[in-house]
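To start, the structure under review is shown below, and the notes come after it.
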Amino acid sequence: MSTALKKEVGQALSQRDSDEARRWFGEKQSLNEISESIGSIVLQPRQPKSWIFGAAIAFALLMLFITSVCWLFYRDVGVWGINIPVAWGFAIVNFVWWIGIGHAGTFISAILLLMHQKWRTSINRLTEAMTLFAVACAGTFPLLHLGRPEVFYWLFPYPDTMGLWPQFRSPLVWDVFAVSTYFTVSLLFWYAGLIPDLAILRDRATAKWKQKIYGVFALGWRGSARHWQNHQSAYLLLAGLATPLVLSVHSVVSFDFSVAMVPGWHSTIFPPYFVAGAIFSGFAMVLNIVIPIRKLYHMENFITERHLDNMAKVMLATGMMVTYGYVMEAFMAWYSGDIFEKAMMFERAFGAYGWIFWALVLLNIVVPQALWSKRIRRNAFLLFFVALSVNVGMWVERFVIVITSLHRDFTPSAAGMYFPTIWDWATLAGSVGLFLTLLLLFLRFLPLIAMSETGKQMNEIK
Amino acid sequence: MNADSSSRNFWRDLEELAAPNKFRARIRDEFLPGTSQPARFDRRNFLKVMGASLALAGLPACTRQPTGKIIPYVKQPENLVPGRPEFFATAMTLSGFATGLLVESHEGHPTKIEGNPAQPVSLGATNIFHQAALLDLYDAGRSQAVLNLNEPSTWNQFVAALTAALESAAEKSCRLRILTGSVSSPTLYHQIASLLKEYPQARWHQFDGACRDNVLAGALLAFGEPIETHYRFDQAKVVVSLDSDFLHTHPNSICYTRDFTGWRRASVAGLERNRLYVIESSPSITGSNADHRLPVKASEVADFAAALAGQIDGADVTIPGQERWLSAVKADLLENRGRSIVVAGENQPPIVHALAHQINHRLGNIGHTISFTSSALVNPVNQIASFKELCDALDDHEVDVLLILGGNPAFDAPPDFEFQQKITKAGFRAHLSSSVNETSRLCEWHIPENHFLESWSDARTFDGTVSIIQPLIIPMYDGKTVHEVLDAVANAPGRTDYEIVRAYWNNQDVPDLFEARWQRALRDGLIEGPTLPAKAVQLRPLDIPPIKAESKGLEITFRPDPNFSPGVSPYNEWLRELPQPVTKVVWDNPALVSPVLAKENSLVNGDLITLSVGDRRLRLPVWVTPGQPERSIALHLGNGSIRNASADAKSGFDVNPLRSSTDLWAAENVHLKKSGENYPLVTTQTLHAIDSEERQIFREGTFAEFQTDADFVQKNSSSPTETLFQPEEFKYDGYRWGMTIDLSACIGCNACILACQSENNIPVVGKTEVARGRYMHWIRVDTYFRGPPDNPEMNHQPVPCMHCENAPCELVCPVGATVHDKEGLNLQVYNRCIGTRYCSNNCPYKVRRFNFFQYADYGGASLKPMWNPNVTVRGRGVMEKCTYCVQRISAARINSEEGNRKITDGELKTACQQVCPAQAIVFGDLSDPQSQVSKLKAHSLNYSMLGELNTRPRTTYLAKLRNPNPDLSAT
């Protein structure tokens with residue numbers, strides 16, 4: 001290849017990158033400017049009023065969480081509305097809901113990275129953090145819901161003096177592995193991505209102790225080419241590790257239900273349907289977080305309407321998959337001719353909890369249809385409410401799966417009802433408090449947008 | 001101090017500046033003089049202190065041991081091996097009639113009540129009341145001390161006061177009145193009789209809440225003497241019940257249940273079947289077992305009886321709308337002359353009993369299926385008359401001393417006796433009672449009554465067999481028995497109940513032989529001797545009352561609560577939490593209304609209504625009950641009594657205010673008014689339409705169907721026959737335990753629930769927890785209705801753990817806390833359970849129970865000695881369920897291994913099996929083809945509940961066979 005041709009190709013490529021980058025950002029900023037606008041959020045001594053206001057609410061909810069957990073440990077799980085036959089209640093609903101929310105983060109960071117979707121750069125940091133915090137919230141529930149939480153570690157395979165092991169045929173044991181692996185990989189992935197930015201913060205910080213702390217976590221990053229090379233391969237490898245987890249974690253969670261023989265649980269469609277639902281609710285949560293943050297921290301330059309549009313499209317697509325799942329469940333109940341499945345489906349739609357099922361249809365199927373409209377997809381205000389609808393809807397979906405399937409299964413004489421108590425609600429609201437507290441602390445102490453990567457991409461703009 | 005030095009040296013403290021040396025010393029000696037200073041630490045001291053610290057640090061790690069002294073026996077009782085239970089024969093009375101019991105005792109604590117197999121009336125079975133009586137013994141709320149005007153007092157003070165009252169009148173002219181319930185105790189009769197002789201002015205009255213006046217009055221009407229009727233249900237092919245709940249409320253119900261169900265057990269299927277017609281005014285256990293059931297108002301039962309009697313005599317009488325029924329019943333009875341029984345209910349007026357006697361006489365049943373004897377009660381009287389006499393005497397100030405021995409007449413008596421007002425006119429009032437109840441609060445003196453497991457006494461069974469009641473434990477509190485109180489009246493206090501009872505029997509016997517016979521009576525639980533001799537009777541001509549015109553008015557029927565008996569404390573929590581046989585309501589006694597009446601008044605379950613009869617009013621919630629007669633409302637007696645001056649929460653509604661002494665069992669001209677408010681009623685089973693036909697959970701057929709095709713149950717079965725897996729993966733080489741439950745035999749009496757509760761330390765959780773769906777019974781009795789709601793078929797199905805071969809619970813437990821053992825039991829390892837509750841979700845039968853709270857503490861510390869020491873008391877947060885009484889299996893295994901043999905069939909019984917009066921539950925070794933359970937499993941009626949799920953349950957059912965009359969069923 002002649003030098004001229006090489007140059008031409010190079011120019012064309014860089015033009016392409018430039019065009020690509022220009023589509024995703026507002027005005028071009030230098031890395032220095034980016035570091036200034038994003039890093040200053042963290043390094044400035046005072047936080048905006050909105051942050052303090054949000055933190056007050058989140059902290060109050062966190063206290064509610066701690067209170068309800070203390071009460072739970074003091075009295076045991078009877079403080080909740082669970083019973084026989086509905087032995088699983090809000091705790092499991094919340095667990096599945098939070099785990100699902102976590103999925104969008106990994107999806108955005110890992111799968112979009114592997115697919116060279118560069119628009120992810122603006123939101124990946126925030127969504128990865130969201131993943132971690134959601135998984136942290138999710139992880140508490142399987143422990144809280146135990147009758148004897150003090151012996152939760154019996155779920156782990158550890159060398160026990162009695163020679164006892166977990167019972168590996170139980171999906172709950174698989175859950176332990178799936179969730180702990182997921183949390184570990186997500187944490188590593190998030191941290192690996194943070195290292196260059198921590199170095200930027202270290203360099204920009206003026207206070208000694210800030211320099212020290214950020215310096216320790218920056219692991220001596222100097223931004224040399226060699227560092228970048230190692231970092232990029234490690235990051236890619238972690239992305240490769242995280243990608244199957246997006247599919248596996250929620251598949252395993254769905255096994256909790258599909259392995260059991262309860263009508264309404266025992267269904268082969270559950271793994272893909274749960275994964276789609278997870279990404280659906282995850283993107284909804286990303287939107288619910290990103291839209292206010294973007295506004296409050298004036299990040300419109302980095303997180304543009306096009307980002308919102310893209311996320312809305314993913315929601316629309318996964319929402320349709322979830323809808324397909326609902327339809328297939330009903331269809332299979334009829335097509336299989338299984339009397340228990342048929343009775344369950346009828347009970348689900350027209351029984352005591354029928355109104356919840358129809359609320360689910362409204363929130364998860366009807367409302368997201370608004371996303372066919374580009375105007376709504378690009379309207380942050382409306383999109384926020386559609387996302388909120390999906391978040392609530394996906395919680396309701398898990399309620400429908402867990403509770404309505406259990407409340408009447410095989411033996412009609414053992415039918416029952418589940419009514420949540422005040423402690424059920426307190427634990428749910430409290431877990432939101434835990435999530436928000438972690439998120440606000442993240443906003444306070446770490447850059448919410450990957451500065452170095454954004455800078456790299458902006459730099460491509462000519 | 002000079003300016004120079006101060007300018008050169010910095011100082012830190014004014015003290016330092018003032019006195020630098022002293023300050024330095026203080027800095028050096030950190031601790032002020034007088035405080036203890038740490039010792040100089042050399043190597044030796046260091047090691048000493050470290051060693052002591054380590055030793056001390058180890059101490060708090062030890063589990064805190066309960067404080068209390070462990071004292072060895074100074075003299076080891078003979079045959080007492082700690083850990084091995086002992087059994088003592090005794091007896092318990094219900095409404096005066098005894099049932100022989102065999103009570104299990106662990107180190108001096110009675111822990112389980114069983115029937116005495118040597119007793120001819122029970123043959124080892126009991127009912128719910130006998131089971132629940134154990135809880136009364138340990139009930140912390142029972143009366144514990146003698147009370148004088150509600151202040152604690154002593155027995156001696158009572159005796160002094162009593163003696164003074166008796167002697168206040170001139171020589172033995174004290175107007176003494178004694179009020180007891182029904183009495184069958186020969187010793188007690190002897191005591192009362194000698195008292196009546198000693199005090200010529202003394203009178204004896206009898207009254208207990210559920211009196212059987214109508215039975216004796218009916219006999220008086222028919223035969224001229226108040227005699228007792230004995231039925232031979234094992235001989236009767238056709239049984240017609242005229243509002244009689246002979247399977248539950250009759251004093252001989254245990255025997256009758258066994259005899260009646262003897263026709264129905266699967267082992268005899270295909271031979272012959274009995275047929276039961278029930279005409280009743282509220283769904284009862286007997287009614288739920290009917291082949292044909294006719295709900296009518298209580299006041300119309302007499303018409304039916306009259307019409308039936310007339311038709312059998314050939315007269316042309318009938319009742320509009322019931323022609324088919326009458327002719328079918330008549331034809332069936334006439335076809336089975338000498339092999340049928342017509343039995344009238346205790347709440348029916350004497351004429352119905354007399355008519356039943358007449359029909360039985362005409363059919364030639366007397367002498368075959370029916371015999372007559374004098375009553376086993378020592379002095380059967382008309383209790384209403386007797387009580388009225390007492391009330392009149394009280395009203396006329398003719399009572400100097402009133403002794404109420406047991407019972408709660410101030411609560412039980414209909415208000416128009418005005419007993420509560422009149423009792424205060426007695427000079428000296430004392431009440432012997434196990435609880436401080438309404439009557440106690442009206443008496444000056446209250447004496448705690450010993451529980452029968454703490455007392456010596458005697459009593460007779462319905463057939464007249466005498467049993468000695470012997471105690472298993474010394475009285476826990478300062479209680480007395482009725483014998484001791486009467487001895488105090490006879491001015492001979494000091495004799496114990498043991499001495500009194502023994503002395504009486506000593507006088508009855510040849511002195512030389514007495515000791516041996518007494519010991520044998522105590523061991524066997526009964527005194528050998530003739531039962532009551534049969535009496536020849538002469539039927540008197542009856543005036544058959546004319547058939548009344550059908551009345552559209554609303555009536556109330558009062559019935560004894562199915563979970564209440566005068567022999568058991570009304571505060572017994574096992575009984576309060578036991579689901580009612582048909583409604584499954586717990587902790588309350590709603591008014592039972594028919595679906596039609598509910599619709600007319602737009603009532604739903606729990607709606608509060610006001611019932612008024614004349615000027616008497618009562619507000620209580622309703623329960624819409626299938627099978628309740630359209631214009632009849634059933635109220636259950638016995639609830640709502642308040643103990644210890646409202647210290648306990650009241651449970652249920654007192655319906656006595658609506659009763660009158662003229663008609664104890666019914667009230668006419670009732671007005672119902674809906675109040676618009678709702679009361680939370682709790683049930684363990686919600687009623688809703690189910691596709692039970694498809695689900696085949698409860699399988700049934702007719703006797704005729706079975707005769708033409710014995711395999712009809714199997715043909716409908718959809719259990720998978722082919723599998724990819726190895727079905728006999730595990731080779732059982734020892735015992736293989738299994739159970740069958742015969743749905744034809746099961747009458748739904750709930751005895752199994754309480755037997756299991758008692759055997760397996762199952763706690764009571766209270767109304768709010770049951771409302772949340774957290775009751776703990778390991779075995780439940782499901783009731784399935786079929787047909788129109790105004791008169792459906794009722795089917796009972798006891799559901800314990802199925803012990804599935806492919807147990808869905810075992811697969812999903814993350815810690816392996818529920819596992820299969822090598823004898824096929826599905827075990828629950830409480831220690832390993834972490835409480836994920838996944839096993840319960842995956843159990844298609846929903847037989848698992850979870851300790852949502854620390855339920856084991858709910859009953860209080862006084863219940864701890866009641867617990868079966870061989871069964872773990874479950875802590876909070878763990879799952880539990882039926883174990884097939886694994887502790888009994890272990891005990892039997894140890895026993896048999898000592899003899900180097902296998903456990904023989906029938907040697908080992910689960911608690912539910914042992915108590916079952918219908919012998920519907922059979923448990924045993926499936927590896928032995930000759931065992932009863934193996935034979936039943938091979939029976940063509942055997943099926944697995946939800947077998948199509950391929951769980952392969954160890955507990956299987958024998959399908960129910962009905963025997964409908966073709967003339968009546970072809971509708």
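Protein chains get the first letters and strands the later ones, always in sequence-line order, with residue 1 at the start of each.
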Kindly give the heavy-atom pair with the smallest separation between A/A414 and B/K846, and that separation in Å. CB-CB, 3.5 Å
Provide the closest heavy-atom pair for B/I697 versus A/P412 in the form atom of the first, atom of the second, distance. CD1-CD, 3.2 Å
Using 0.5 Å steps for rounding, measure from the CG atom of B/N841 to the CH2 atom of A/W265. 4.0 Å
d(B/M945 CE, A/F410 CZ) to nearest 0.5 Å is 11.0 Å
Residues of residues 140-153 of chain A under 4.5 Å from chain B (heavy atom pairs)? A/H145, A/L146, A/G147, A/R148, A/V151
Within residues 80-89 of chain A, residues adjacent to chain B where the heavy-atom gap is under 4.5 Å: A/W80, A/G81, A/I82, A/N83, A/I84, A/P85, A/A87, A/W88
Under 4.5 Å from any heavy atom of chain A - which part of [X]:
{"X": "B/T951", "answer": "side chain"}
{"X": "B/R832", "answer": "both"}
{"X": "B/T836", "answer": "both"}

Which atoms of A/W165 come close to chain B, meaning under 4.5 Å heavy atom to heavy atom: side chain ones, backbone ones, both, or neither? backbone
Option in B/L811, B/V812, B/V815 with maximal non-hydrogen atom pairs under 4.5 Å from chain A: B/L811
Establish, yes or no, whether the cationic atom of A/R75 lies under 6.0 Å from the six-membered ring centre of B/F853 and within 45° of the ring axis. yes
